[in-house]
Amino acid sequence: MHKQILDVSKRRGIMYPSFEIYGGVGGFYDYGPIGSRIKKNIEDLVRRYYIIEEGCFEVECPTLSPEAVWVASGHVSSFSDLMTECLKCGEPYRADHLIEEHTGKSCEASDMSAMDELVKEYKIKCPKCGGGLDRVYSYNLMFQTFIGPGKNKEVAYLRPETAQTTYLGFRRLWEIARKKLPFGVIQIGRSFRNEISPRQGMIRLREFNQAEIQFFVEPDGKYSPRFDTVSAIKAKVIDKEGRESSLTLKEAVEKGIVKLQMIAYFLGRSLQLFKEMGINPEALRLRQHKDEERAFYSTDTWDIEYMSSVFGKIELVGVSDRTDYDLSAHMKLSKQDMTVNYEGRKFIPHVVEVAYGIDRPFYCVIESCYREEGDRVFFSFPEDIAPYKAGVFPLVGKDGLPEKAQQVFDLLKKEGLYVFYDEGGSIGKRYARADEVGVPICVTIDYETLEDDTVTLRDRDTKKQDRVKIDGLCKAIVR
Ligand code: GAP
């Protein structure tokens, strides 16, 4: 299936590897004309959940920041993976991935010497050329660069997460939130990680998109008044000891498996969000990070993982209790006060973070919505995710039908709808082209249209055809 999805994605402008004419570089992908529209719709759905429904503010900060930011946050010292290289051909490997691939078991080792031992114990060689492997060493994933020219240039880094740049504005955001807790701030934008050997298409990118929400809360305020709205959602749950169960979120909280109700709430909201994007809910599970894998800034992290038929498990979002780690760290280095006086108490707010990638959910939407029916290939994207609301086609390219179809096209555009016009080839071919990019409705203008101002609406999933009046067309399209 992967090959078919890739073929149609490249051919129809959904996504394709970047820098193709120069042979490509691992970890970079382009969104084509169709993919860009789908990605935008995914981001807008996230905005609907978090800005409209959860009341968050949105910010947009630079992707490049001075070194001090990443020294304070701990990324300069700790944002690393353990790697090894082939002594013969130089191929780099992420040590844990290499050990897992070789042994077929998850790699429990978390430090350099333990991984080194495993490489030796299992006599692991370079999978590419069979050469011996170098010692395992720590490799920082941030891209380093400089701000400014000449001798006074400053060391800088491309951000590996949006979160830090949101924290930097905390004092201003606190004022904007009228000095009340809790409040949430979303940032949607690019992040960069110089991943060691990204071989999984758009699942592990070196430049990628995140939608990260930081909820600033009282230290003892990690609950949600709206937990009831998600508490009945049932999910497969794996705790940090690897114990699996199938539970409602209410049960998971009551049994103390998910300790913080606020984390459970956002896991529930994320399950709702992914389902609305079109991701197969049956393929999703909640997994708590083991102590040794958890990021240095977090005391508890839960991921939602998608079980892909192509890539295996894919982490789509991480929900973490970051405590006051980040604000305290920036307070220490910047000497700016991050404490608040709130309801008679003075403290540094804690942060619960909901950190979505955009590219991975994008891929999972594509994989979940891909359908084959005989020769017919289509994507059953939800209407809010589909790249266009409708395609407009004259049945034939003569007898005034193209002119009438253009009028219908203009009418839909005036309503602000994303629609496209196509008069090339047979009507069957045009339907097939629309199916291949998941357009939910095709509007065909035929000879009857000239007589009674009705058009044919053809549904992508059922292929069912209905006739509607042109003056009721917008309503019929925006269902
Ligand atoms: N601020 C917390 C943070 O960055 P993370 O788990 O490292 O947490 C959050 O990243 C999300 O960003 C992940 O769940 C994933 O969807 C996405 N992501 C992380 N690294 C990625 C990469 N190399 N390529 C594509 N998406 C990535």
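Every number for a ligand or one of its atoms is a count from 1 in the order of the listing. Computed from a prediction, not measured in an experiment: that's the story for all the values here.
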Enquirer: Out of Phe208, Phe79, Phe362, whose heavy atom sits nearest atom 27 (C) of ligand 1?
Expert: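 Heavy atom nearest to atom 27 (C) of ligand 1 belongs to Phe208.
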Enquirer: Could you tell me whether some N/O pair between Glu315 and ligand 1 is separated by less than 3.5 angstrom?
Expert: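 Indeed, backbone or side chain, Glu315 has an N or O that close.
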Enquirer: Just which atoms of ligand 1 are under 4.0 Å from any heavy atom in Glu195?
Expert: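 Near Glu195, the atoms of ligand 1 are 23 (N).
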Enquirer: Which residue and non-hydrogen atom of the protein lie closest to atom 5 (P) of ligand 1, and at what distance in Å?
Expert: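 The closest heavy atom on the protein side is Arg193 NH2, 3.9 Å.
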Enquirer: Is Asn41 reaching over with its side chain to a backbone N or O of Ala386, donor-acceptor style, under 3.5 angstrom?
Expert: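 Side chain of Asn41 to backbone of Ala386: a pair is present.
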Enquirer: Starting from atom 25 (C) of ligand 1, find the nearest protein heavy-atom neighbour and note its residue, name and distance.
Expert: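 Result: Ile203 O, 3.4 Å.
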Enquirer: Does any N or O of ligand 1 fall below 3.5 Å from an N or O anywhere on Leu316, backbone included?
Expert: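 So ligand 1 has an N or O lying under 3.5 Å from an N or O of Leu316.
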Enquirer: Are any side-chain N or O atoms of Arg243 and backbone N or O atoms of Val237, one a donor and one an acceptor, separated by less than 3.5 Å?
Expert: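 Judged by distance alone, no pair lies under 3.5 Å.
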Enquirer: Take every heavy atom of Tyr297, measure it against each atom of ligand 1, and state whether any distance is under 4.0 Å.
Expert: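 Yes, Tyr297 has heavy atoms under 4.0 Å from ligand 1.
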Enquirer: Side chain or backbone, does Gly357 bring an N or O within less than 3.5 Å of an N or O on ligand 1?
Expert: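 So ligand 1 has an N or O lying under 3.5 Å from an N or O of Gly357.
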Enquirer: Apply side chain to side chain donor-acceptor pair (under 3.5 Å) to Glu161 and list each qualifying residue two or more places apart in sequence or on a separate chain.
Expert: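 Listed in chain order: Gln164, Arg322.
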Enquirer: Anything under 30° is parallel, anything over 60° is perpendicular, the rest tilted; go ahead and classify His330 against Tyr167.
Expert: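 Plane angle between 30° and 60°, so tilted.
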Enquirer: Scan side-chain atoms only and decide if Asn140 and Ser80 contain a donor-acceptor pair under the 3.5 Å cut-off.
Expert: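 The criterion, which ignores hydrogens and geometry beyond distance, is not satisfied for Ser80 and Asn140.
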Enquirer: Residue-level breakdown please: for Leu205 versus ligand 1, do any non-hydrogen atoms fall below 4.0 Å on the side chain, on the backbone, on both, or on neither?
Expert: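 Looking at Leu205 and ligand 1, atoms from backbone and side chain both fall under 4.0 Å.
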Enquirer: What about Phe183 and Phe216, are their ring centers closer than 6.0 Å?
Expert: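 Phe183 vs Phe216: aromatic centres under 6.0 Å.
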Enquirer: May I ask you to list the atoms of ligand 1 that are less than 4.0 angstrom from any heavy atom of Glu161?
Expert: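 Every atom of ligand 1 under 4.0 Å from some heavy atom of Glu161: 1 (N), 2 (C), 3 (C), 4 (O).
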Enquirer: Tell me yes or no: between the side chains of Asn280 and Tyr306, is some donor less than 3.5 Å from an acceptor?
Expert: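 No pair is found: no donor N or O on one side chain lies under 3.5 Å from an acceptor on the other.
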Enquirer: Do any nitrogen or oxygen atoms of Pro361 come within less than 3.5 Å of a nitrogen or oxygen of ligand 1?
Expert: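 No, no N or O pair falls under 3.5 Å.
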Enquirer: Compute the minimum heavy-atom distance from Arg322 to ligand 1 and say whether it is under 4.0 Å.
Expert: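 Within the 4.0 Å threshold, so yes.
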Enquirer: Give the residue, atom name and distance (to 0.1 Å) of the protein heavy atom nearest atom 26 (N) of ligand 1.
Expert: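 The closest heavy atom on the protein side is Arg360 NE, 3.4 Å.
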Enquirer: What part of Val317, side chain, backbone, both or neither, has a heavy atom within less than 4.0 angstrom of ligand 1?
Expert: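 It is the backbone that gets close, since no side chain atom is under 4.0 Å.
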Enquirer: List every atom of ligand 1 that sits less than 4.0 Å from any heavy atom of Ala355, numbering the atoms from 1 in the order shown and giving each element.
Expert: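 Going through ligand 1 atom by atom, the ones under 4.0 Å from Ala355 are 2 (C), 9 (C), 11 (C), 14 (O).
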Enquirer: Do you see a donor-acceptor pair shorter than 3.5 Å between the side chains of Gln272 and Tyr49?
Expert: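 Gln272 vs Tyr49: no donor-acceptor pair found between side chains.
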Enquirer: Please enumerate all residues that pass side chain to side chain donor-acceptor pair (under 3.5 Å) together with Ser320, with sequence neighbours excluded.
Expert: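 For Ser320 the side chain to side chain donor-acceptor pair (under 3.5 Å) partners, ignoring immediate neighbours, are Thr301.
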Enquirer: Taking only heavy atoms of Glu212, which atoms of ligand 1 are found under 4.0 Å from at least one of them?
Expert: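 Matching atoms, with element in brackets: 1 (N), 2 (C), 3 (C), 4 (O).
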Enquirer: Considering only protein heavy atoms, which is closest to atom 12 (O) of ligand 1, and at what distance to one decimal place?
Expert: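 It is Gln210 NE2, 3.3 Å.
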Enquirer: Give the atoms of ligand 1, by number and element, whose distance to some non-hydrogen atom of Glu353 is under 4.0 Å.
Expert: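 Counting atoms of ligand 1 from 1, those under 4.0 Å from Glu353 are 1 (N), 2 (C).
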Enquirer: Tell me which one of His289, Gln288, Lys313 satisfies side-chain hydrogen bond (donor to acceptor under 3.5 Å, both in side chains) with Asp303.
Expert: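 Only one of His289, Gln288, Lys313 forms a side-chain hydrogen bond (donor to acceptor under 3.5 Å, both in side chains) with Asp303, namely His289.
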Enquirer: Examine the side chains of Glu212 and Thr166 and answer whether a donor and an acceptor come within less than 3.5 Å of each other.
Expert: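 Note: Glu212 and Thr166 side chains miss the donor-acceptor criterion.
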